[in-house]
**Student:** 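Input: one structure, supplied below.
Reminder, nothing fancy here: chain letters follow the sequence lines and each chain counts from 1. Just so it is clear, the values below take in all heavy atoms, side chains as well, and ignore hydrogens, waters and symmetry mates.
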Amino acid sequence: MTIRNTLHDHGQRYRPRMACIKKAEKVLLEMQDPKTGVKSQPQRLVITTIPHAITGEDIITWLADRFQVDTQEARTFGSMLVALGYIYPLQDHKRLVIKPDVSLYRFQTPYFWPTQQWPVEDTDYAIYLAKRNIRKKGILEPHEQEHYNRLHKWMNHKWDFIVMQAKEQYRAAKERKKPDRVVFDCQERAYWVVHRPPPGTVSAMDYGLDRLTDPNADEAKTPDVYERIMIFTQQAIMRPRVKSSVSISALVKYCATYRSHDPFLSKCLPSNPWLTDDATYWTLNMPNVEIPTKMRVERWTFSFAELLSDPRGRDDFRLFLKKEFSGENLAFWEGCEDLKWGEAATMSEKAEHIYKTFLARGAPRWINIDGKTMEITVKGLKHPHRYVLDPAQTHIYMLMKKDSYGRYQKSPVFKDTVKKAICPEEHQFSDAQLGQNAKKRWPSLSPIILRQMEQEQKAKMAANVDITQLCRFTTPVPHLVVYSGLTDFPTANASPSLPFLAHTPACPSPISVALESTSASERRAEASGGEGEGDPAARAPVGGNVSKSRMALSLRRLLKRGCTPASMFASLSPKCHSATGTSSRIQPISPDQPSQAPPRRIGNFFQIKVDIPPECRIYPIESEDEVHESRAASRGGVGAKEIICPWESLTPQNGTG
Amino acid sequence: MPLVNNKVGDECTVGTDKALADGKALVGSLIKVVACYRHLASCVGGCTDSLQLRDELRQTREKAQMLAVSICSHLTSHLRNKCLLEGQRKEMELLWVAFSSSLELLHVDMCKVFHVAEIFSLANTDTLVQTGLQGGGSEVAARALSLPDLNRAQSPTLPAGLESQERSTMEQEISRIYHMIDDMEMKVNVMRWMVEPHGPQYADPLSSTDSASLALVSVDEEQPGHQPLCQRSQIFVLLLMFAVVLVAATLSVCIVFFS
């Protein structure tokens with residue numbers, strides 16, 4: 001079909017610009033000059049002689065003279081001209097190279113030159129093959145035969161035309177004199193060798209993907225074009241500028257740091273697999289290897305981003321955070337990454353999940369971000385999109401970078417890793433061994449299998465989340481889906497990862513449990529507070545009566561307000577009043593709550609569906625009830641057994657905004 | 001068609017039979033002219049490029065356009081004619097497809113000639129590509145124009161200044177063909193996937209003697225030193241063998257005679 005619908009055509013059908021074509025044409029024209037061009041000689045055939053045959057060495061000498069280059073480069077240039085189809089070989093017509101001897105070539109007629117504008121049509125190819133078949137039946141090569149059959153299938157409607165046109169062209173050719181006929185046949189054959197190369201050869205006309213715009217079309221100077229130019233230049237002006245000394249010194253610093261790690265600039269231990277065909281380097285640096293190499297571990301110290309981007313480094317860091325009981329930061333960060341880069345279909349569920357696990361009041365793995373960020377995030381979560389958690393993620397990232405990263409580098413976990421890291425020796429392969437290595441190459445695991453393995457790993461990770469971070473009471477029943485996959489809880493009691501819980505009796509006194517959990521979470525909260533942690537932490541291991549009354553008070557407040565323990569302690573601890581930046585109290589999101597008479601305001605410690613055994617319920621010190629706190633407690637009323645995401649339906653019972 | 005009485009139907013079919021034959025003849029000649037045009041176009045820019053060639057191209061082009069216009073009107077009117085039998089409609093559609101394909105080929109060839117003529121101006125013959133051709137395309141043009149022989153005396157004496165005028169005429173012609181193609185598609189709806197060809201997949205080989213010589217020459221080119229099938233060498237070998245046999249016979253006779 002020849003209708004060109006330029007208005008709504010979004011198809012990619014234009015070949016990209018091949019700049020070499022125009023340049024090659026100019027060179028060809030120069031070569032024709034009778035005085036300064038390439039010298040030609042007649043080609044002697046049995047019946048006749050045909051003029052204008054040139055030898056390979058003549059071409060190469062001419063090119064070397066004209067462009068003042070050495071013979072090797074002239075030869076490459078000449079081969080390029082042959083490969084593009086400007087010159088064709090008379091002997092050995094299928095190999096499109098220039099041979100630096102007396103083998104003969106001829107110039108291709110301009111009609112058959114490769115052009116930018118007109119792509120090679122299959123119709124013409126079909127006609128050509130049909131013509132060849134007229135000349136002698138069965139002369140088509142196997143790949144040509146295949147092409148012919150395929151074209152017969154796809155252009156079936158035109159086939160009568162093709163056969164007729166082939167016959168007419170054949171008859172018209174017969175009108176010409178024999179040498180001209182021979183020349184024309186050679187020209188056509190050469191043209192099709194270039195544009196429909198035989199299998200196993202590489203075509204110089206390969207160009208990759210088709211483009212949307214026609215490179216030959218002149219861009220019309222519409223207002224749109226100028227508007228685009230204006231926007232581009234405006235944005236260029238608005239870019240932040242940095243002093244060159246600063247940017248250059250940053251570049252220099254980067255080069256100096258990474259110089260010994262670059263496989264081009266320095267040795268790759270044990271050996272570069274691309275050079276020696278020995279894959280040890282890759283096996284030693286697999287993402288989930290047990291023992292990393294020294295170079296890899298060194299890279300982790302360069303920056304926090306390096307540490308996080310290396311899966312092995314991230315594992316190490318996770319282990320460290322587990323020991324420090326601040327793993328939820330990293331878990332939140334990973335959740336945000338998953339949201340950002342994951343599938344769109346599951347996006348809102350993921351966002352909800354993350355909110356329930358990390359951000360909501362009383363979430364099992366609550367992270368500590370400042371009030372403003374929390375407000376922005378929660379507001380954004382009403383209409384979740386991929387980047388809704390970006391501010392919170394950045395905040396947590398900086399938190400980890402400024403605080404945990406430094407401590408990680410001084411921690412025994414890291415020091416242990418450094419000690420265990422291996423430094424492989426350099427390979428010394430002889431030539432024979434290199435040859436053998438080349439023979440023993442084999443393909444690596446299919447990406448499908450790798451992906452499956454990755455997903456299994458992720459599932460395992462999610463299942464084994466650190467239960468030490470959770471209070472027993474906050475642990476919901478297995479049927480509630482929480483990020484941490486707490487179906488493991490019944491077994492968790494026996495797991496070694498819960499050292500302190502194991503020491504407590506089966507149904508520990510709620511206060512002590514709360515104490516320990518809150519102390520843990522308090523330590524979390526204080527992680528950013530720096531020195532503030534010293535004091536409250538000191539309280540925790542004691543658990544003595546001295547602090548019990550204070551604990552009780554705080555617990556009551558906890559109950560009533562449903563605030564997280566961290567903020568509770570923040571308000572209690574004198575030191576923390578100063579450190580308002582990171583541990584400020586979270587503003588209540590919904591100011592007004594319908595008051596309800598809470599008959600069992602006790603049971604909902606963190607407003608989660610909890611199957612709390614009655615004897616373990618927290619007994620508030622009800623005698624010290626304050627009026628306002630009772631009203632506040634209604635917020636954490638009976639009906640609100642679940643953590644409700646702010647964007648879910650607001651029924652009067654649920655009441656949380 | 002049920003509402004048409006037989007008499008009218010017969011007239012319709014008779015008329016369209018003749019129209020079909022006419023159409024086939026016209027399309028056949030258009031295909032011939034397009035094939036000749038392609039041969040001529042392949043010479044442009046080469047060492048045989050001359051005013052004569054350009055003139056021949058122009059004449060062939062004009063003939064092709066004349067044919068195209070007449071076929072266009074002919075086929076369009078008949079295809080829009082409602083009272084066509086199924087078989088006849090299919091034939092018409094086949095003709096239509098052949099016509100549109102020829103037009104496309106003609107359009108591409110014309111564009112290429114236009115483009116090449118831009119690069120190779122006849123004023124400067126130094127840059128004409130040495131393609132190895134020796135003869136012009138006169139015989140081919142004669143075939144295209146269905147003339148027994150192109151009158152050489154008519155070689156044009158166009159001054160070079162008219163080249164630009166020729167270029168502009170050519171541009172117009174190209175755009176006219178392009179619009180014709182567009183119009184065709186608008187006016188008549190021929191579904192190409194419904195069109196079935198009659199002919200064979202392979203074109204039958206035409207006269208065999210000529211083909212052998214052509215194959216001969218191309219084989220020669222492959223192996224310039226090796227001439228297995230050359231008629232001359234065959235005759236030579238035969239003569240040699242004959243001479244050897246003769247000598248052997250003479251010798252044996254001599255031996256017999258003298259022994």
**Student:** Could you walk me through whether A:Lys174 and B:Glu139 pass the salt bridge (Lys or Arg N to Asp or Glu O under 4.0 Å) check?
**Tutor:** CA-CA 10 Å; A:Lys174 276 208 291 190; B:Glu139 299 90 359; over 6 Å; no
**Student:** For a 4.5 angstrom cut-off between non-hydrogen side-chain atoms, does B:Val44 reach A:Tyr111?
**Tutor:** no
**Student:** Using non-hydrogen atoms only, which part of B:Leu103 is less than 4.5 Å away from chain A: side chain, backbone, both, or neither?
**Tutor:** neither
**Student:** Please look at B:Cys47 and chain A and tell me whether the side chain, the backbone, both or neither of the residue comes under 4.5 angstrom of a heavy atom of that chain.
**Tutor:** side chain
**Student:** Would a 4.5 Å heavy-atom cut-off, applied to side chains only, mark B:Val140 and A:Arg176 as touching?
**Tutor:** yes
**Student:** Which members of residues 94-102 of chain B, sorted by number, sit under 4.5 angstrom from chain A on a heavy-atom basis?
**Tutor:** B:Leu94, B:Val97, B:Ala98, B:Ser101, B:Ser102
**Student:** What residues of residues 141-153 of chain A sit under 4.5 Å from chain B when only non-hydrogen atoms are counted?
**Tutor:** A:Gln145, A:Tyr148, A:Asn149, A:His152
**Student:** How close do A:Lys177 and B:Gly135 get, heavy atom to heavy atom, and via which atoms?
**Tutor:** NZ-CA, 4.1 Å
**Student:** Please classify the contact between B:Val34 and chain A as side chain, backbone, both or neither, with a heavy-atom cut-off of under 4.5 Å.
**Tutor:** both
**Student:** Test: salt bridge (charged side-chain N to carboxylate O under 4.0 Å, His left out). Region: residues 105-114 of chain B. Which pairs qualify, not counting sequence neighbours?
**Tutor:** B:Arg38-B:Asp109
**Student:** Can you sort out the partners of A:Asp180 under salt bridge (charged side-chain N to carboxylate O under 4.0 Å, His left out), two or more places apart, ordered by chain and number?
**Tutor:** none
**Student:** Please look at B:Glu196 and chain A and tell me whether the side chain, the backbone, both or neither of the residue comes under 4.5 angstrom of a heavy atom of that chain.
**Tutor:** neither
